[in-house]
There are 2 protein chains.
Amino acid sequence: MSRICKDGFDKECIKEQREFYGIAYTQNLLSGRWKYVILWFLKSKERRYSEIKAFLGDISQGSLTKQLRELETDGVINRKVYPEVPPRVEYSLTSKGEELIPIIDLMEEFGKKFGEQVD
Amino acid sequence: MSRICKDGFDKECIKEQREFYGIAYTQNLLSGRWKYVILWFLKSKERRYSEIKAFLGDISQGSLTKQLRELETDGVINRKVYPEVPPRVEYSLTSKGEELIPIIDLMEEFGKKFGEQVD
DNA sequence: CTGTTAAGTACATAAAAATGTACTACGTCA
DNA sequence: TGACGTAGTACATTTTTATGTACTTAACAG
């Protein structure tokens, strides 16, 4: 998913005057090959970096880190680092992130309804 | 937004076994720089190609046509051609597309709530 | 006969996003 | 001393998306 604004959501980029400011903001936040799935996975409980990576399977480390950083920057996930060796980092939804759950749920429902018809 | 599968949603690409099949399907359907906004714009009524283009403003013809074709292929919008000259083409949501409205609405709500804090 | 119009198409190019490979840090275990 | 494991970083490269420019079609107005 390409962001409407390449680097974060720039209010100069999509002027507030534009009627579609709302969806544009949200879609920007969620644009990225894996973000929906990551959020979906964090929905039930906090997860370690390695768990997320294993769950997604095909994602590269660089990409995963990037997506997580963006989600963190956008305030939808928390990153908690445990000062241990080897390192342990746990990701969880913030309260803002929790508010995305209804959207994720509807999307899953929609996908289940229409996606599997193709089988 | 990058599609999880480059060319449509290939069930070989994301195996059904995967728990995240549902959201993956939906996010695939909606991945594209302008799709959410296009659907949002079609929400209230059918629109002509030129209206959509004018509304989006910055989109190129090629991109717009591509996004519309994908949405059509995925069955969320209808394309009605009037055999006139100059041509007239009207786009509208299909019933499947209508089912995306609640998602669009929630996203807009979320965006309005969190997006404008940045002002 | 020529210009105008809407909705495209075709193709080369640019920009953005994702990937692969290699490399790091640091305590612990043997 | 040296390998192990987690969560990264760096950077070059590939893949995917989006863009820009030019061209098309056919009826109608002048």
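Letters A, B, ... are given to chains in the order of the sequence lines, protein chains preceding strands, and every chain is numbered from 1.
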Next item on the list: Quick one: list whatever passes salt bridge (Lys or Arg N to Asp or Glu O under 4.0 Å) with A/Lys66, sequence neighbours left out.
Entry: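 So A/Lys66 forms a salt bridge (Lys or Arg N to Asp or Glu O under 4.0 Å) with A/Glu70.
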
Notebook entry, point to check: Does B/Glu99 have any salt bridge (Lys or Arg N to Asp or Glu O under 4.0 Å) partners at least two apart in sequence or in another chain, and if so, which?
Noted result: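 Partners of B/Glu99 by the salt bridge (Lys or Arg N to Asp or Glu O under 4.0 Å) criterion, ordered by chain and then number, come out as A/Lys113.
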
Can you measure [X] atom [atom1] to [N] atom [atom2] for me and round it to whole angstrom units?
| X | N | atom1 | atom2 | result |
| --- | --- | --- | --- | --- |
| A/Leu56 | D/dA7 | CG | P | 14 Å |
| B/Lys53 | D/dA18 | NZ | P | 15 Å |
| A/Gln27 | D/dT17 | CD | C1' | 13 Å |
| B/Glu90 | C/dA6 | CD | P | 14 Å |
| B/Ile4 | C/dT19 | CD1 | P | 10 Å |
| A/Tyr49 | D/dG8 | OH | P | 6 Å |
| A/Asn28 | C/dA17 | CG | C1' | 14 Å |

Margin query: Going by ring pair (Phe, Tyr, Trp, His ring centres under 6.0 Å), name the residues that satisfy it together with A/Phe110, two or more places apart in sequence or in a different chain.
Written below: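 With sequence neighbours excluded, A/Phe110 shows a ring pair (Phe, Tyr, Trp, His ring centres under 6.0 Å) to A/Phe114, given in chain and number order.
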
Item checked: Which residues share a ring pair (Phe, Tyr, Trp, His ring centres under 6.0 Å) with B/Phe41, sequence neighbours left out ->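 In terms of ring pair (Phe, Tyr, Trp, His ring centres under 6.0 Å), with neighbours along the sequence ignored, B/Phe41 is linked to B/Phe55.
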
Item checked: Listed partners of A/Thr65 passing side-chain contact (heavy atoms from CB on, under 4.5 Å), at least two apart ->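 A/Thr65: side-chain contact (heavy atoms from CB on, under 4.5 Å) contacts with A/Tyr49, A/Arg69.
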
Margin query: Restricting to side-chain contact (heavy atoms from CB on, under 4.5 Å), what partner residues turn up for A/Glu90, sequence neighbours left out?
Written below: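 side-chain contact (heavy atoms from CB on, under 4.5 Å) check on A/Glu90 returns A/Glu46, A/Arg48, A/Tyr82, A/Arg88.
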
Margin query: Please report the interatomic distance CD1(A/Ile38) to CD1(A/Ile77), rounded to the nearest 0.5 Å.
Written below: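 Output value for this atom pair is 7.0 Å.
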
Checklist line | Gap between atom CG of B/Asn28 and atom CE of A/Met107 - 0.5 Å precision | finding: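 Those atoms lie 9.5 Å apart.
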
Next item on the list: Give, ordered by number, those residues of residues 31-45 of chain B having at least one heavy-atom distance below 4.0 Å to an atom of DNA chain D; if nothing qualifies, reply none.
Entry: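 Heavy-atom cutoff 4.0 Å gives B/Gly32, B/Arg33, B/Trp34.
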
Notebook entry, point to check: Is any side-chain N or O of A/Arg48 closer than 4.0 Å to OP1 or OP2 of D/dT6?
Noted result: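 For A/Arg48, the contact criterion (side-chain N or O under 4.0 Å from OP1 or OP2 of D/dT6) is not met.
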
Next item on the list: Return no unless some side-chain N or O of A/Ser50 is found under 4.0 Å from OP1 or OP2 of D/dT6.
Entry: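 So the side chain of A/Ser50 is outside the cut-off, no N or O lying under 4.0 Å from OP1 or OP2 of D/dT6.
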
Item checked: Residue list, side chain to side chain donor-acceptor pair (under 3.5 Å) with A/Asp105, at least two apart or on another chain ->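 Side chain to side chain donor-acceptor pair (under 3.5 Å) check on A/Asp105 returns A/Lys43.
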
Next item on the list: Can you sort out the partners of A/Ser44 under side chain to side chain donor-acceptor pair (under 3.5 Å), two or more places apart, ordered by chain and number?
Entry: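 Once residues adjacent in sequence are excluded, the partners of A/Ser44 under the side chain to side chain donor-acceptor pair (under 3.5 Å) criterion are A/Arg47.
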
Checklist line | Per-nucleotide protein contact string for nucleotides 20-30 of chain D (B base, S sugar-phosphate only, - none; heavy atom under 4.0 Å) | finding: S-B---BB---

Checklist line | Within residues 63-72 of chain A: residues closer than 4.0 Å to DNA chain C (heavy atoms) | finding: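 Those residues whose heavy atoms fall under 4.0 Å from DNA chain C, taken from residues 63-72 of chain A in numerical order, are A/Ser63, A/Gln67.
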
Next item on the list: Determine the contact category for B/Tyr91: base if any of its heavy atoms lies under 4.0 Å from a base atom, sugar-phosphate if only primed atoms, P, OP1 or OP2 are that close, otherwise nothing.
Entry: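 B/Tyr91: backbone/sugar contact only, no base atoms under 4.0 Å.
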
Check: Under the salt bridge (Lys or Arg N to Asp or Glu O under 4.0 Å) rule, what pairs show up with a residue in residues 22-32 of chain A, not counting sequence neighbours?
Finding: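 Sorted pair list comes back empty.
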
